[in-house]
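The structure under discussion appears below in the form of structure tokens.
All residue numbers refer to positions in the sequence shown, counting from 1.
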Amino acid sequence: MQEDDVNRCGYHGAYISVDATTGTSSQSSLTESILRRFPGGSALGTHLLLEHHAWQHDPLSAESSLVFAFSPLVGSPLTTSAKFAVVSRSPLTGRLNDSLASSTFALAGKRSGNDAILITGKSKTPCILVIDDQQTRKLPADHLWGLSAEDAEARLKKQFDGGHHFAVIGPAGEQQVSYATISHNGRHAGRGGSGAVLGGKRVKAVVVAGNQRTAWANTDGLVKRAKQLSDLSFGPATEKYRELGTAANLLVFNRLHCLPTRNFQRGSFANSDQFSPEALGAARNKTRTSCAACTIGCTHLYSTNSPTSNRNVRIEYENIYALGPLCDVQDPEAVLQASQRCDELGIDTISTGGTIAFAMECVERGFLNETWLRFGDGAALLEAIHLIGTGAGLGKLLRQGSRAMANIIGHNSIEFAPQVKGLEIPGYEPRALQTMALGFAVGTRGADHNRSGAYEIDFSDAADRRNGTAAAARLAVDTEDKAAIMDSLILCKFLRGVFSDYFGETAELLNLVTGWNFDKAGMQVMAQGIINAKKEFNIRCGWTPAEDTLPHRMLNSVLRDDPTAQLNTQTLQTMITAYNLKRGWTADGYLDGISSK
């Protein structure tokens, strides 16, 4: 390590590179100047991908890189801080992908003596990579290949002692399904196909452990602030998530006609009441749990009548939306079982539902000769997920995502494929939430509700949600900056409502851990630098301004059940230009001096 890396609080000052081909590793230093710009999580992962020229390589090739990135707050007493980011080039979009998960994997990974783990290469046979106190081993994984992530993790717990924790892929990751996930203890780095990248390297699991802890600069101050933050996490800002979970959003969105239904043909769902947390809880057993180091406890688990599994399934707004309303499936039991099956295979529920809904409309229009796959048919939904898992028949197409499917099917079906940059759109109707429409269009990872909080502008008095404006676009930049900080420190976004001075208070948290002297303005500059780095990666991958758009359907038709919700190309482009200029980029979204060459 260099001189300025010694005795730094919150960090080890190093990351480890592991070659899946040979199992060998090497450690590299991270200087303070780098960490002040890219403090951890998505930011640090993006920086390392740029440093290793990851844009040059196919995501599924041996040369590609995948990063597990931790943060200075991991291991601290701050609530929700036990999180990690998985960052790579996406096999679904070909652009940057950064997925987050909460679990003890983050705690153990940082105790391995590393601020990040970078994996390259490709094993000849299925393997496990073990990083333990800066030492690495490569072990065979033939006995785990083909198992669900949950079953594989259960076997790994028997193979290793209790200090080891595991990031695992399911069968979909092994088979390189474009939207496969990476899982630990029932939590998932879910979007964009990071599981496929790991599967392409024939790595079934990454195992971490260690006893190397980092110091805190101001222990007394940190503990005091952690107590205050925990108290606030029990307040009204998080009450909805504690008591009902994110599924509480469903009825509100339905009432406002912004719940995408029947592949974005409508904005409301006929049987929404049956999917409310109250109705789901009344009809089946329910338990509640928390992520590691979290005081909020938003995870709500429900029983199912599945003939193949007695495990409860975690239900959130997005998996209900994607597998229920988007596919017009009105049977809650079918939707819960579909979500459970997605977890077993290790696939993203949003991309799964979006791709199946797209296929259902293709069948409806006569573009696909799969007459069994109809909107509203719960059994067909389950069969489609089964085919994604096996790759048989229609599954070969479904596992590629809606954009790739549309390009194969033709008939201008790309016009109603529910995706941006290849990533399927979450449960926010863009025509009814037009600032969020901007967030989807310009998102570096594609259509994304976690990297942009633009919907907060739509639901505020600062904007008319059905009439997008340049002024609202400029406000959306601030929500994206806040998300960039949250995803790099890393803290749960459900905490965002407890801060009265977001950038000032997150600066305080970072300073208490590291001993640095960031202020509000410094955090805002950091956020802009993180967004710029993500944009640079995409430009180097070949991004063009034409990618920053929405499907033709959303720009050329009104919602059937809300004719006042209408968005056009000119309005969207006005917002995009205002956004780009607010960011300090060119009007069409380029960074000065950065090209794809």
Side-chain angles (χ1 to χ4, degrees), residues 36-43 46 80 96 98 100 232 237-238 258 420 426 428 430 433-511 518-536 538 548 571-587 589 591:
R36 280 178 172 268
R37 294 172 58 205
F38 306 108
S42 296
T46 301
T80 78
L96 181 73
D98 55 328
L100 306 178
L232 288 169
T238 63
C258 56
V420 174
Y428 300 76
L433 298 168
Q434 294 192 9
T435 317
M436 190 69 245
L438 165 73
F440 288 157
V442 300
T444 50
R445 120 170 142 158
D448 196 325
H449 66 296
N450 281 322
R451 304 297 174 267
S452 172
Y455 55 85
E456 296 175 10
I457 306 302
D458 286 317
F459 289 130
S460 74
D461 295 333
D464 176 352
R465 63 183 177 88
R466 293 188 183 89
N467 292 285
T469 64
R474 287 187 284 269
L475 293 174
V477 169
D478 184 66
T479 71
E480 194 176 66
D481 285 351
K482 289 177 178 177
I485 295 298
M486 212 71 150
D487 294 341
S488 300
L489 287 184
I490 314 166
L491 292 170
C492 177
K493 291 191 175 65
F494 293 162
L495 277 182
R496 65 191 182 276
V498 310
F499 296 113
S500 57
D501 177 13
Y502 179 86
F503 291 107
E505 291 178 63
T506 52
E508 178 194 14
L509 299 181
L510 183 59
N511 294 340
F518 274 95
D519 57 12
K520 177 177 180 177
M523 297 300 283
Q524 291 171 313
V525 170
M526 178 195 290
Q528 177 70 47
I530 294 167
I531 300 295
N532 285 351
K534 291 182 176 185
K535 184 72 167 184
E536 177 183 348
N538 278 0
D548 286 2
T571 297
L572 180 62
Q573 190 56 54
T574 296
M575 289 193 289
I576 290 173
T577 300
Y579 167 89
N580 287 336
L581 294 176
K582 177 68 174 178
R583 283 248 166 259
W585 303 340
T586 65
L591 279 71

**Report entry** Inter- and intrachain pairs under salt bridge (Lys or Arg N to Asp or Glu O under 4.0 Å), touching residues 459-473, at least two apart
**Finding:** R466-D562
Query - Between E536 and N532, a side-chain donor and acceptor under 3.5 Å - result: no
Query - Taking every non-hydrogen atom, the tightest pair across G439 and S452 - result: CA-OG, 3.8 Å
**Report entry** salt bridge (Lys or Arg N to Asp or Glu O under 4.0 Å) partners of R37, counting only residues at least two apart
**Finding:** none
Query raised in the report: Among pairs that include at least one residue of residues 457-491, which meet ring pair (Phe, Tyr, Trp, His ring centres under 6.0 Å), considering only residues two or more places apart or in two chains?
Result: F253-F459
Query - For T479 against A454, the heavy-atom pair lying closest together - result: OG1-N, 3.4 Å
Query raised in the report: With sequence neighbours excluded, what pairs up with Y502 under the ring-ring contact (aromatic ring centres under 6.0 Å, His included) test?
Result: F499
Query raised in the report: Do side-chain atoms of T577 reach the backbone of T574 as a donor and acceptor pair under 3.5 angstrom?
Result: no
**Report entry** CD on E508 to CE on M523, rounded to 0.5 Å
**Finding:** 11.0 Å
Query raised in the report: Can you name the residues that form a side chain to side chain contact (heavy atoms under 4.5 Å, CB included) with A533, not counting sequence neighbours?
Result: F38, T46, L50
Report task. Any pair with a residue in residues 445-459 that passes salt bridge (Lys or Arg N to Asp or Glu O under 4.0 Å), sequence neighbours left out, goes on the list, sorted by first then second residue, please. Result -> D98-R451, R445-D448, R451-D487, E456-R496
Query raised in the report: How long is the span from the CG atom in L509 to the CD1 atom in I485, to the nearest 0.5 Å?
Result: 11.5 Å
Report summary line: R474 meets the side chain to side chain donor-acceptor pair (under 3.5 Å) criterion, sequence neighbours left out, with none
Query raised in the report: Distance from N580 atom CG to D548 atom CG, nearest 0.5 Å?
Result: 7.0 Å
Requested in this report: Only counting residues at least two apart or in another chain, list the ones meeting salt bridge (Lys or Arg N to Asp or Glu O under 4.0 Å) with D478.
Outcome: K482
Report task. Test L489 against T506 for side chain to side chain contact (heavy atoms under 4.5 Å, CB included), laying out the working first. Result -> CA-CA 9 Å; L489 287 184; T506 52; 3.9 Å; yes
Report task. To the nearest 0.5 Å, tell me how far L491 CG sits from T80 OG1. Result -> 4.5 Å
Query - Heavy-atom side-chain proximity of S42 to I530 below 4.5 angstrom - result: no
Query raised in the report: Would you find a donor on one side and an acceptor on the other, under 3.5 Å apart, between the side chain of N538 and the backbone of L96?
Result: yes
**Report entry** Chi angles and distances behind the side chain to side chain contact (heavy atoms under 4.5 Å, CB included) call for L433, H449
**Finding:** CA-CA 12 Å; L433 298 168; H449 66 296; over 6 Å; no
Report task. Tell me, please, which residues at least two apart from F440 pass ring-ring contact (aromatic ring centres under 6.0 Å, His included). Result -> none
Report task. Working to the nearest 0.5 Å, report the span between CD of E505 and CG of L495. Result -> 11.0 Å
Query raised in the report: How long is the gap from OH on Y428 to CE on M436, to the nearest 0.5 Å?
Result: 7.5 Å
Query - By side chain to side chain contact (heavy atoms under 4.5 Å, CB included) - contacts of I531 (at least two apart) - result: E480, D481, A484, Y579, R583, W585
Report task. Compare every heavy atom of A463 with every heavy atom of A472, then report the nearest pair and how far apart it is. Result -> CB-CB, 4.0 Å
**Report entry** Results of side chain to side chain contact (heavy atoms under 4.5 Å, CB included) for T571 - residues two or more places apart only
**Finding:** Q434, L567, N568, M575
**Report entry** Under the salt bridge (Lys or Arg N to Asp or Glu O under 4.0 Å) test, residues paired with K520 that sit two or more places apart
**Finding:** D501
Report task. Would you indicate whether the side-chain heavy atoms of T435 and L475 approach each other to under 4.5 Å? Result -> no
